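Since the structure comes first, as C-alpha cells, the remarks are kept for the end.
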Amino acid sequence: VDFSQLTQRNGLSCNLQILNKEATPPVGLLPGETVVKEGRASILFPNANEVFYNPVQEFNRDLTCAVITEFARDLLAQRGVKVVVPGEKERVVVSLAEEMNDADVQMEEKNGAAVPAVTAAVGEKCELGLRVLEGLAASGLRSVRFALEVPGLQSVTANDFSAKAAALIARNAQYNGVEHLLQASCRDASMLMYEKRGKKERYDVIDLDPYGSPSSFLDAAVQAVSEGGLLCVTCTDMAVMAGNSGETCYSKYGSVSIKAKYCHEMALRIILHSLDQRAAVYQRYIQPLLSVSVDFYIRVFVRVFTGQATVKNSASKQALVYNCVGCGSFHLQRMGRRTSNGKHMKYSAATGPPVGPECDQCGQRHQLGGPIWAEPIHNLAFVQRVLSAVSGNPSRFGTSKRIEGMLSMVTEELEDVPLYYTVDSLSSTIHCNTPPLLQFRSALLHAGHRVSLSHACKNAIKTDASPSVLWDIMRCWEKTNPVKREKLSQTSPAFKILSTEPGLEACFTVREDANPQSRKRHLTRFQENPQAFWGPKARAKSSGGSISMDLQDKRKKCQNKRKNQITDSSQLKNFPCKRFKQGTCTHGDKCCYSHDTEQTNPEKTE
C-alpha cells in the first residue's frame, strides 16, 4: 500500500503531519458496507462476514490503548519526549505518597530527569516514537485506534494475511486520515516478524490478537520485539487452556491444563510460561506488566529483555501444580532452585514432591498440571499508573468504568500467591451451606493470614494460608451449620474431612478490612452480558455471505435434538423402547414407550 510521502523536520523535534481533510479525497462506502464507530475511529465494515470483527472486544482494545499510552509515556521520557493525551491533566498523581518535595525535584533535575521539552500528541508522527505492529489486524480497527488515540508513535503496521482485509485496512486508514502513520501489509505474520529480528528493525510494540490460539506466532514475536519492548497477546482458546484438552494445551503451550476452579488464572500463567520458555531459547526473558482473564479470553502485556544471567532464573520461576481430585486442594512444586551465595547465585534441581501419595485432607489422589508461571503476573506500580490515567480521564474510553473496576481489583490481589480457591467449591465439597464471603475472609484475617479477591473469579479467595487452615475454618463453620453425617459415604472427601477435628478456633466476626475498597465502592468489576450471542463470533468467510440472522437461527435450531418437540407424554408411544429391544425393560405395559418390535422411529422416516 503506497501512502503519501511525509515532510520531515531536522533536529530532535517530532515529525508532525496533521491531515488536511479538505485536500484528502473522501472515501465512499461500497455496496453492503456500514460504518462502525468505536473510540475515535470510524471503520468501514462489510455486512458479509469477509473480515472478522467482534464488538464485545471493545474492552480489550480500550485497555490496550491505555497500556500502550503508559508504556509510551515511560519509554519516551527516556528519549526526551513528553506525550500529551487529550483530556488528561498536566500531571497524573497515583497517590499522595508520590508527591515530591522540592529536594526530590532538584535531585531529578541533577540526574537529567527534567521535564522533556519535546512533546508528542495523538495523530502526529514522532521520529523518536514507537514502532507498532498489529500482526493480525482484520479490519484494522485496533491499529486505527492506536493512530488516533495513542500519542508518541512513529509508525503503525497493520498486517493481515487476507488480501480483502489488507485492502480494507488501507481504506480505513484513509477514511480516518491516518495514512501518514498507518501502513497496511498483506503478509504472513510469522514471516513478517522473523524478517524484523535485527536489533535496528525490531518493533517497540507487537500486538497479537488471533482468532483462537496465538501459539504459532509466539516464537517469532519474542524475537521481533525490541529490547524492553511491549508484547501484547490475546488467547481465545479458553476451553483448551481451562482443562478441557490438556494434551492439546501441552502441544501448543508446553503445559498441561487441568480442570479446576482456578482454571482462569492458571490459563494466564500457562501463556506466561510459554512466552518465557520461548524467549529463553534466545537468551531473553519476560517481565509481566498486566495479565487479565476476561470472559472467554485472556490478555497479557509483557516486556521482553535480553540477559544471559537473568535467563538462568527461568527454571525457578516455573512450577508444577498438584491438584487434589477430591477436595480441590493444590500445592506448587518449583521446577528449579535458586540460592544466593554471596555475590553469586547458585542454581540446583528442586526437591519434592510437596505432597504424599494421597491428599492429607481427604485421602484422594492428585492430578499433575503445568508447568506454569509461578511469579507475579502484574507489575503493581505500572498498573497503578494505568488506573490513575484512566480514572482521571474517564471520557477517553467507552469502557472506562469497567477498566477502573478491574484494575482496582488487580491492585488489591496478593501478587506473591499463585492461584485461588472459591468459597462455593469448599462448601460443595463438604455439602454445607456457603459462608458469606466477608465472614470467610474475616476468619482468615483473624487467623493471621493475608487474603484478597481475584479479578478472574467473582467468589475467589487468594490467601497465603495452607489447605489445612482453610479446611479447619470450614470444619468450624460446619459445626454451626451442620450437615447430615449419616448421608455421607465413608469413602467421600466430605466424610474424611469432617471426621477430623479442627486444629484452630475460627472467628467469623466481620472485620472492617475484610471488605476491599473495590467492593465497597461498587465498582464494575466483571462483564455484564452486553447483547445476545455475545461470545466468540464466527470465523471470517472468504466467500462472503450474510451471517446475522442465519447464524442465530442455526444456533437455536441445533440446541434441540428432535425436530418436532413433544409436548404430550402420550406421544412417546410412537417411539420404540430401546430397553425393550435389549431385554432390560422392567416396566411392562406401564412403559411410556412402545414395545411393538415392528414400529420404527417416526423421525427417521421423515
Side-chain angles (χ1 to χ4, degrees), residues 14 39 41 57 60-79 81 83 85 120-138 140-160 169 173 178 181-185 187 189-190 192-210 214 217-218 220-234 271 275 279 284 286-292 299-306 379 382-383 385-386 389:
C14 295
Q57 290 275 24
N60 186 334
R61 292 182 281 268
D62 285 352
L63 182 62
T64 303
C65 289
V67 169
I68 296 180
T69 299
E70 292 309 305
F71 173 74
R73 194 193 307 273
D74 295 343
L75 190 61
L76 296 187
Q78 304 173 11
R79 304 177 184 178
V81 179
V83 299
V85 180
V122 296
E124 301 174 350
K125 181 172 181 177
C126 179
E127 286 298 332
L128 300 177
L130 305 181
R131 298 177 64 246
V132 181
L133 168 67
E134 185 185 4
L136 304 108
L141 171 59
R142 189 183 301 255
S143 295
V144 172
R145 290 195 59 186
F146 290 164
L148 291 173
E149 302 178 29
V150 178
L153 300 183
Q154 181 185 111
S155 66
V156 179
T157 302
N159 177 77
D160 199 282
I169 293 170
V178 293
L181 277 176
L182 195 153
Q183 299 175 352
S185 171
R187 298 281 307 280
S190 296
L192 177 61
M193 289 186 287
Y194 278 131
E195 292 176 0
K196 300 295 182 179
R197 290 178 295 175
K199 291 184 179 181
K200 296 183 179 181
E201 298 178 342
R202 294 174 180 173
Y203 294 99
D204 297 299
V205 179
I206 295 180
D207 190 300
L208 297 176
D209 188 2
F217 307 103
L218 299 182
V222 296
Q223 299 181 67
V225 68
S226 62
E227 180 67 15
L230 180 65
L231 184 57
C232 317
V233 181
T234 299
I271 185 62
L275 284 170
R284 311 194 80 183
I286 67 169
Q287 286 186 0
L289 294 181
L290 175 63
S291 307
V292 293
R299 181 72 165 169
V300 295
F301 303 89
V302 301
R303 296 188 69 179
V304 182
F305 297 90
T306 304
N379 184 319
F382 181 83
V383 175
R385 293 198 295 272
V386 177

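None of the values given here were measured: they were computed from a predicted structure.
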Could you tell me whether a side-chain N or O of N159 sits under 3.5 Å from a main-chain N or O of G135, the two making a donor and an acceptor? yes
In Å, rounded to the nearest 0.5 Å, how long is the span from CG of L208 to CZ of F217? 7.5 Å
Non-hydrogen atoms of P214 and V233 that approach each other most closely: CG-CG1, 3.6 Å
Spacing of CD belonging to Q223 relative to CZ belonging to R202, to within rounding of 0.5 Å: 8.0 Å
Using atom types as modelled and distance alone, determine if a side-chain donor or acceptor of R303 lies under 3.5 Å from a backbone N or O of G229. no
Ignoring hydrogens and angles, tell me if any N or O in the side chain of R131 forms a donor-acceptor pair with the backbone of E201 under 3.5 Å. yes
Validation row: V222, I286 side chains within 4.5 angstrom (heavy atoms): no
Looking only at heavy atoms, the pair that brings G129 and R79 closest together is O-NH1, 3.4 Å
Where A72 and P151 come nearest, the two heavy atoms and their spacing: CB-O, 4.0 Å
Quick one: do D207 and V132 satisfy side chain to side chain contact (heavy atoms under 4.5 Å, CB included)? Show the steps, please. CA-CA 8 Å; D207 190 300; V132 181; 5.7 Å; no
Under 3.5 Å donor-acceptor, R142 side chain and A137 backbone: no
Any chance you could measure F301, atom CZ, to F382, atom CZ, to the nearest 0.5 Å? 8.5 Å
Sorted by chain and number, sequence neighbours left out, side-chain hydrogen bond (donor to acceptor under 3.5 Å, both in side chains) with S226 holds for D204
Residue set satisfying side-chain hydrogen bond (donor to acceptor under 3.5 Å, both in side chains) with Q78, at least two apart, ordered chain then number -> none
What residues form a side chain to side chain contact (heavy atoms under 4.5 Å, CB included) with D62, not counting sequence neighbours? E58, R145, F397, T399, I403
Would you indicate whether the side-chain heavy atoms of L75 and L230 approach each other to under 4.5 Å? no
Of all heavy-atom pairs between L289 and V383, which one has the smallest distance, and what is that distance? O-CG2, 3.6 Å
Between I169 and A184, the two heavy atoms sitting closest are CG2-CB, 3.8 Å
Any residue meeting side chain to side chain contact (heavy atoms under 4.5 Å, CB included) with T157, in chain and number order, not counting sequence neighbours: L133, Q183, S185, Y203
Value for CG (L141) from CZ (R61), rounded to nearest 0.5 Å, stands at 4.5 Å
Contacts of E227 meeting side chain to side chain contact (heavy atoms under 4.5 Å, CB included) (sequence neighbours excluded), chain-then-number -> R284, F305, T306
Residue list, salt bridge (charged side-chain N to carboxylate O under 4.0 Å, His left out) with R187, at least two apart or on another chain: E195
Side chain to side chain contact (heavy atoms under 4.5 Å, CB included) with V150: which residues, sequence neighbours excluded? C65, I68, T69, F146, L153
Close side-chain approach of L290 and L63, heavy atoms under 4.5 Å: yes
